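We count ligands from 1, going down the list as the structure has it; atoms in each ligand are counted the same way. Nothing here was measured: the structure is a model prediction, and the numbers come from that model. Worth knowing before you read on, the calculation uses all heavy atoms, side chains too, and leaves out hydrogens, waters and symmetry mates. For the single chain, residues carry numbers from 1 onward in sequence order.
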Amino acid sequence: MSGILDGKIALITGGTGGIGKATCKRLTKMGAQVVSTYLGESKALEMREQMKEQGCNIAIYPCDVSDFDQCQALAESIQNDIGPVDIVVNNAGITRDTTMKKMTAEQWQAVINNNLNSVFNVTRAFIESMLERQTGRVVNISSINGQKGQFGQANYSAAKAGIHGFTMALAQEVARKGITVNTVSPGYIATEMVMAVPEEVRNQIIAQIPVGRLGKPEEIAALVGFLASEDAAFITGANFAANGGQHMH
Ligand code: CAA
């Protein structure tokens, strides 16, 4: 595995979360120089230390990915400090679960801004350099709930479904320039985000997963690693489900 991404620079947004952390580790092990954005500094410093102990050197940058200008500044900093980014993994995301009749405008906007507008903000900041260099990988982390909808997640399901529309449109625009754009749609993975779902509701969800368990962050990271590699050059505009069989289409 080592060496497949040698010399590549990979940006992973939200690298302090469950899937983000596993993806940082996977891409580092594959040889990439990994850069992660963060919002909470103490969590990010702790994550960087943990990674260092495991032999992974991750660069961390503060960035609110829901803010267009901060993403522009991020791109400039990474370019100056490290070099041009070859791989962008749009992973940062939040939930504000509640039924529609209770959902506030703030809960709607927070999820759309953090989960969907962020994908535009970040990709927009790095795509021109990829086009100039005629190489690049964009991997967008969506969700099973963008594919099937979820009770209590009108905001999240809308944002996650929107991500794949973005993937398919951008994939067509950049295909001739050696850039691929794909979506990964994880099911319920054992992360803090899923553990925040009330236990009773979570157990009902697990009962609907044919594989019989939650997914592991590493199982998503492995798929992202493959899509980021040269071997995946003919795969673009695709949406990969990794959900233990919970939703098939
Ligand atoms: N389908 C149909 N009806 C449902 C339902 C469902 N899935 N879930 C609950 N209901 C019903 C309830 O039985 C209840 O009915 P009555 O009023 O007749 O008793 C009614 O809807 C109200 O439900 P709740 O009492 O549960 O409402 P609540 O406001 O307390 O909670 C909720 C709503 C916060 C959305 C809660 O149901 C919940 O947390 N659901 C889980 C949402 C979820 O899966 N989130 C995923 C987070 S992880 C993630 O997002 C990562 C990823 O990508 C997979």
What is the nearest protein non-hydrogen atom to atom 51 (C) of ligand 1, stated with its residue, atom name and distance? Y156 OH, 3.5 Å
Could you find the nearest protein heavy atom to atom 34 (C) of ligand 1 and give me its residue, atom name and distance? D97 O, 4.0 Å
With atom 29 (O) of ligand 1 as the reference point, say which of K102, R96, Q204, Q246 has the nearest heavy atom. K102
Compute the minimum heavy-atom distance from K160 to ligand 1 and say whether it is under 4.0 Å. no
Ligand 1 versus I189: contacting region, heavy-atom distance under 4.0 Å: neither
Nearest-neighbour protein heavy atom for atom 50 (O) of ligand 1, which is reported as residue plus atom name and distance: Q153 NE2, 2.9 Å
4.0 Å protein heavy-atom contact status of atom 3 (N) of ligand 1, strictly under: yes
Under 4.0 angstrom from ligand 1, any heavy atom of I205? yes
Contact check: T99 vs ligand 1, nitrogen or oxygen atoms, below 3.5 angstrom: no
Exercise check, heavy-atom protein proximity under 4.0 Å to atom 14 (C) of ligand 1: no
Return yes if a side-chain donor-acceptor contact under 3.5 Å exists between T167 and N239, otherwise no. no
Ligand 1 versus P198: contacting region, heavy-atom distance under 4.0 Å: side chain
Got the closest protein heavy atom to atom 48 (S) of ligand 1, with its distance? V194 CG2, 3.7 Å
Does atom CD (Q50) have a neighbourhood of more than 12 heavy atoms from anything else shown, all under 6.0 Å? yes
Distance-only N or O hit between ligand 1 and S142, under 3.5 Å: no
Rounded to the nearest 0.5 Å, what's the gap from CZ on R137 to CG on L5? Could you check? 9.5 Å
Neighbour count above 12 (heavy atom, 6.0 Å) for R213 CZ: yes
Nearest non-hydrogen protein atom, atom 44 (O) of ligand 1: Y188 OH, 2.7 Å
Measuring from non-hydrogen atoms of G93 to any atom of ligand 1, is the shortest distance under 4.0 Å? no
What do you reckon, does N145 have a nitrogen or oxygen under 3.5 Å from a nitrogen or oxygen of ligand 1? no
Would atom 31 (O) of ligand 1 count as contacted, meaning some protein heavy atom under 4.0 Å? no
Using a 4.0 Å cut-off to any heavy atom of S143, which atoms of ligand 1 qualify? 52 (C), 53 (O), 54 (C)
Numbering as shown, the atoms of ligand 1 that approach G187 to under 4.0 Å (heavy-atom distance): 54 (C)
Under 4.0 Å from any heavy atom of V197, which atoms of ligand 1 are there? 41 (C), 45 (N), 46 (C), 47 (C)
Return yes when atom CZ of R133 has more than 12 non-hydrogen atoms of other residues, nucleotides or ligands closer than 6.0 Å, and no otherwise. yes
How close do N145 and S157 get, heavy atom to heavy atom, and via which atoms? O-OG, 3.0 Å
Could you list the atoms of ligand 1 found under 4.0 angstrom from a heavy atom of T95? 50 (O)
If you scan protein heavy atoms around atom 40 (N) of ligand 1, the nearest is V201 CG1, 3.6 Å
Considering non-hydrogen atoms of the protein only, which is the closest contact for atom 22 (C) of ligand 1, and what is the distance? F151 CZ, 4.3 Å
Looking only at protein heavy atoms, identify the closest one to atom 35 (C) of ligand 1 and say how far it is in Å. G152 CA, 3.4 Å
